[in-house]
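These notes are about the structure you will find just below.
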Amino acid sequence: MALQSFIPVHPDSHFPIQNLPYGVFKPQPTSTPRPAVAIGDYALDLYEIALAGLFYGPILKGSDCFLQPNLNKFLAMGRPAWKEARVTLQKLLSSSEPALRDNESLRQKSLVPLSKVEMLLPVAIGDYTDFFSSMHHAKNCGTIFRGPQNPIPANWFHLPIAYHGRASSIVISGTDIVRPRGQGHPAGNSPPYFGPSKKLDFELEMAAVVGPGNELGKPVDVNEAGDHIFGLVLMNDWSARDIQAWEYVPLGPFLGKSFGTTISPWIVTLDALEPYACDAPKQDPNPLPYLAEKKSKNYDITLEVQIKPAGQEDSCLVTRSNFKNLYWTLTQQLAHHTINGCNLRPGDLLGTGTISGPEPESLGCLLELTWNGTKPLSLNGTTRTFLEDGDEVIFSGYSKGNGYNVGFGTCSGKILPSLPC
Ligand SMILES: O=C(O)/C=C/C(=O)CC(=O)CC(=O)O
Ligand SMILES: [Ca+2]
Ligand SMILES: [Mg+2]
């Protein structure tokens, strides 16, 4: 019999007791931010649980890590603390445990309906890096941007390629995105144009939230890199393809990406995802020893993108992919990031890169789905090449258990018109 909570959880919910993802919320507009885990339709306020003395384990007893306005302090404590918290919270919320179940005043204080809370960024993100780890995405983008001869760069099979993103413009799901303005790729010999992007896109990604991190000059071993990853969120690396195509040579993405990146509010821990671990694809050629792992692991997480055009009641599914499509693993990404001595810090965000699968219905962005705007998609009676003002893009992700989902909720954002030129 599966573990059950005393709080009723619908079988379609993303937040059963097997999940317990971490977020930060405000119970009321004037309250200070508080760490929480999601359970069914509620946020369990960890500030109240800590004040009530219910974290009784040797690491978390008396700790102020849940009295903070973000999760950075808890993340810095590492996997032993994360495991202890999970054991404590699964016990506290289980149907057989009276401590919270039978304490009405604590239940009133600590269980807040999700429909009433404002979710915030769960961590203070010091640095954000975005990888490029799906081979299907690399091949399609290479073909579109550089032509069909050698679409995948020679270095791609030897190292997880990445660019440094902009942490300041990472926003929480539900935040509107203003269409960026910029210089667009000129056609033929004409000069570049300036104006609102005409090729605004989403990128279906996930991102790893870094735990303890490493000291400057001390790389993380690839076989220990898992202990440096607290969990995963959904991420939309919004991309202006016309700006990107013109600016990216030779230093990579800049203003075509840095106007906004959206993440989902609940961090699903690697411990909750462990039952969905699967083998990563075989790598050929073998990576260099510092990237060769004893066990190369992905996760079976279904990922979906819906677009809801302005004024329409219903959203329309535009793609369905899976995290297991990634070629470079999270642990290889993290080890590679530190191999030169670069230090990662608690709360840093590592995007996986766009997660495209092999099938035409599993491509992770409109650049690929519409082949750079040449093959429009049909959407509930209308069509799309790139995003239009008023479009809302909604990502969701989940792993299916026996009678429940370990899910990520949604990651959404709506496009607002650009500023006047
Ligand atoms: O092929 C290129 O030049 C770049 C493609 C991307 O947009 C890269 C990116 O953001 C990484 C990714 O999402 O996979
Ligand atoms: Ca990206
Ligand atoms: Mg971005």
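Just so you know, ligand 1 is whichever comes first in the structure, and atom 1 is the first atom listed for that ligand.
- For F230 and F74, the gap between ring centers is short of 6.0 Å.
- Nearest N/O/S atom of E205 with respect to the Ca ion (ligand 2) is recorded as OE2.
- K26 NZ: more than 12 foreign heavy atoms inside a 6.0 Å radius.
- Between H158 and H336, the distance from one ring center to the other does not fall under 6.0 angstrom.
- Listed by chain and number, residues touching ligand 1 at under 4.0 Å (heavy atoms only) are D130, F131, F132, H137, C141, F145, R146, Y163, E203, E205, D237, R241, Q244, Y248, K257, G353, T354.
- The Ca ion (ligand 2) is closest to atom OE1 of E203 (considering only N, O or S atoms).
- Of the angles at the Ca ion (ligand 2), the one spanning OD2 of D130 and OD2 of D237 is 80° when given to 10°.
- F259 has its ring centre no less than 6.0 Å from the ring centre of W238.
- In this structure, the ring of F145 has its center less than 6.0 angstrom from the ring center of Y248.
- With sequence neighbours left out, F254 forms a ring-ring contact (aromatic ring centres under 6.0 Å, His included) with no residue at all.
- Less than 6.0 angstrom separates the ring centroid of H137 from the ring centroid of F132.
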